Amino acid sequence: MSHKRAFIFLGPPGAGKGTQAKRVAQRSGMAHLSTGDMLREAVSRGTELGKLAKPIMERGELVPDDLVMKMIEERLARPDSAAGFIFDGFPRTLPQAERLDGILESAGFGKPVVVDLSVSHDKLLRRLTGRWTCSVGGEIYNVYDAPPKTPGICDNDGGKLVQRADDRAEVVKERLAAYERATKPLTDYYQRQGVLHTVDAAANVDEVSRALSEIVERAERRDGHL
Ligand code: AP5
């Protein structure tokens with residue numbers, strides 16, 4: 001039986017959710033939906049949501065569930081879900097996960113495929129403090145492990161590379177604490193549903209990508225998309 005597909009990339013800040021979600025989206029045609037990117041866009045556009053979210057994100061805390069769910073529901077109403085979704089950084093709390101279950105069921109999706117990108121905390125600090133992102137196309141670099149050819153400039157579109165305001169060490173500490181407190185329990189929630197896969201995300205980008213491709217292809221075969 002053929003279902004619309006939903007993949008959920010779980011994992012701590014800096015695990016590589018965005019890097020990998022972009023790759024899978026390019027290969028599969030699924031829409032990449034990052035709540036962090038959506039919130040940062042709202043902040044830079046100065047919308048009501050952006051004004052509420054900005055100080056919370058700058059402290060490294062989580063934006064309230066109701067605001068995030070409203071944003072998600074508006075996004076999912078857009079007509080580009082034919083090939084399915086990759087959720088990156090969402091859900092992040094138990095109430096978000098429960099509400100997403102209801103949304104997916106009523107929109108005709110099968111059970112989500114959930115991948116936990118697992119990395120020890122000591123590696124994450126290096127990844128986050130070394131991250132630079134293209135201000136035009138969103139391509140993600142790392143000055144230590146994945147530098148651009150020309151410092152400060154995106155290889156793909158020549159855009160200026162910028163650092164995120166919440167990648168300062170003291171904010172990263174709070175983001176990791178928020179992850180441990182609110183998001184890590186979701187691995188148990190999805191484990192109980194029998195939909196959780198764990199990938200060793202301490203490996204290099206291509207190895208993680210290969211492990212994810214296998215999971216995606218297995219799910220596609222199961223759902224009759226291949
Ligand atoms: P969000 O933008 O989602 O940030 P995050 O979860 O903290 O994750 P990151 O984007 O920092 O990391 P990533 O896992 O995507 O890693 P990346 O691929 O960039 O959220 C930001 C804020 O928004 C939150 O703090 C919260 O306030 C709010 N928010 C968002 N969603 C919310 C929600 N649902 N509910 C409530 N609040 C919400 O990689 C990181 C670096 O590592 C890069 O430099 C990359 O090049 C490098 N790298 C990646 N993979 C590898 C590898 N395998 N080996 C070596 N380096 C690697």
Side-chain angles (χ1 to χ4, degrees), residues 8-25 32-44 49-50 52-73 75 86-97 99-100 115-134 138-148 154-155 161-168 171-184 186 199-212:
I8 295 172
F9 287 3
L10 287 179
K17 302 181 294 293
T19 301
Q20 297 296 341
K22 281 182 206 305
R23 288 188 169 205
V24 175
H32 171 201
L33 197 160
S34 155
T35 42
D37 287 349
M38 292 163 76
L39 288 166
R40 277 184 290 279
E41 199 190 325
V43 170
S44 73
L49 169 64
L52 290 168
K54 186 171 189 275
I56 300 171
M57 294 171 77
E58 283 174 351
R59 290 195 299 271
E61 294 167 7
L62 294 183
V63 173
D65 290 337
D66 284 342
L67 293 179
V68 172
M69 290 313 302
K70 185 163 177 280
M71 180 178 82
I72 283 284
E73 278 160 8
R75 174 64 184 81
I86 303 164
F87 294 101
D88 156 10
F90 173 83
R92 236 170 166 105
T93 64
L94 205 49
Q96 288 181 17
R99 285 168 71 175
L100 179 63
V115 186
D116 182 34
L117 298 171
S118 161
V119 192
S120 65
H121 281 203
D122 53 334
K123 292 213 174 197
L124 297 174
L125 199 61
R126 177 183 161 98
R127 288 192 182 180
L128 292 170
T129 53
R131 169 168 56 190
W132 288 77
T133 307
C134 176
E139 186 71 15
I140 302 166
Y141 295 90
N142 190 284
V143 289
Y144 307 115
D145 299 314
C154 179
D155 297 347
L161 302 186
V162 291
Q163 265 190 308
R164 267 171 50 177
D166 61 353
D167 278 347
R168 282 178 295 125
V171 185
V172 166
K173 207 169 140 211
E174 180 50 42
R175 287 165 59 201
L176 288 170
Y179 166 78
E180 289 293 326
R181 196 169 52 237
T183 310
K184 206 166 174 202
L186 294 187
V199 163
D200 172 17
N204 72 43
V205 173
D206 288 336
E207 283 174 55
V208 177
S209 206
R210 263 195 298 280
L212 278 167

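Each ligand, and each atom within it, is numbered from 1 in the order the structure gives. For clarity, every value in this text was computed on a predicted model and none was experimentally measured.
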Honestly, for Arg175 the part within reach of ligand 1 (heavy atoms, under 4.0 Å) is side chain

Next item on the list: Compute the shortest N/O to N/O distance between Asp37 and ligand 1 and return yes if it is under 3.5 Å, no if not.
Entry: no

* When only distance counts, is Trp132 in polar contact with ligand 1, meaning an N/O pair under 3.5 Å? -> no

When rounded to the nearest 0.5 Å, the distance separating CG of Asp206 from CZ of Arg23 is 5.0 Å

Q | Test of proximity, Asp166 against ligand 1: N or O pairs below 3.5 Å | A | no

Under 4.0 Å between heavy atoms, the region of Asp65 that gets near ligand 1 turns out to be neither

To atom 21 (C) of ligand 1, the nearest of Arg164, Gln20, Glu207 on a heavy-atom basis is Arg164

- Distance-only N or O hit between ligand 1 and Ala15, under 3.5 Å: yes

Is any N or O atom of Gly18, backbone or side chain, closer than 3.5 Å to an N or O atom of ligand 1?
-> yes

Within the 4.0 Å heavy-atom cut-off, what Asp145 brings close to ligand 1 is side chain

Closest to atom 16 (O) of ligand 1 among protein heavy atoms sits Gly16 N, 3.2 Å

Quick look: Ala203 vs ligand 1, heavy-atom contacts under 4.0 Å, and the answer is backbone

dist Gln163:CD -> Arg168:CZ (nearest 0.5 Å) comes out at 11.0 Å

Rounding to 0.5 Å, atoms OG1 (Thr129) and CG (Asp167) come to a distance of 7.5 Å

Min N/O separation Leu128 to ligand 1 under 3.5 Å: no

- Message: So, regarding Val63 and ligand 1 (criterion: nitrogen or oxygen to nitrogen or oxygen, under 3.5 Å), is there a contact or not?
- Response: yes

(request) Assess the side chains of Asp122 and Ser120: does a donor N or O sit below 3.5 Å from an acceptor N or O? (result) yes

Looking only at non-hydrogen atoms, the one of Arg92, Met71, Met57 nearest atom 5 (P) of ligand 1 is Arg92

The protein heavy atom nearest to atom 29 (N) of ligand 1 is Leu39 CD1, 3.5 Å

The answer for which part of Val205 has a heavy atom under 4.0 Å from ligand 1 is both

Logged contact type for Thr19 with ligand 1, heavy-atom cut-off 4.0 Å, is both

The salt bridge (charged side-chain N to carboxylate O under 4.0 Å, His left out) partner of Asp145 among Arg126, Lys123, Arg127 is Arg126

Margin query: Is it the case that ligand 1 has an N or O less than 3.5 angstrom from some N or O of Gly89?
Written below: yes

Note: heavy atom closest to atom 27 (O) of ligand 1, options Arg59, Arg23, Glu61, belongs to Glu61

Looking only at non-hydrogen atoms, the one of Glu139, Gln163, Arg127 nearest atom 41 (C) of ligand 1 is Arg127

for atom 47 (C) of ligand 1, nearest protein heavy atom and its distance come out as Asn142 ND2, 3.9 Å

Flag if over 12 foreign heavy atoms under 6.0 Å of NZ, Lys22:
yes

Contact region, Asn204 to ligand 1, non-hydrogen atoms below 4.0 Å, reads backbone

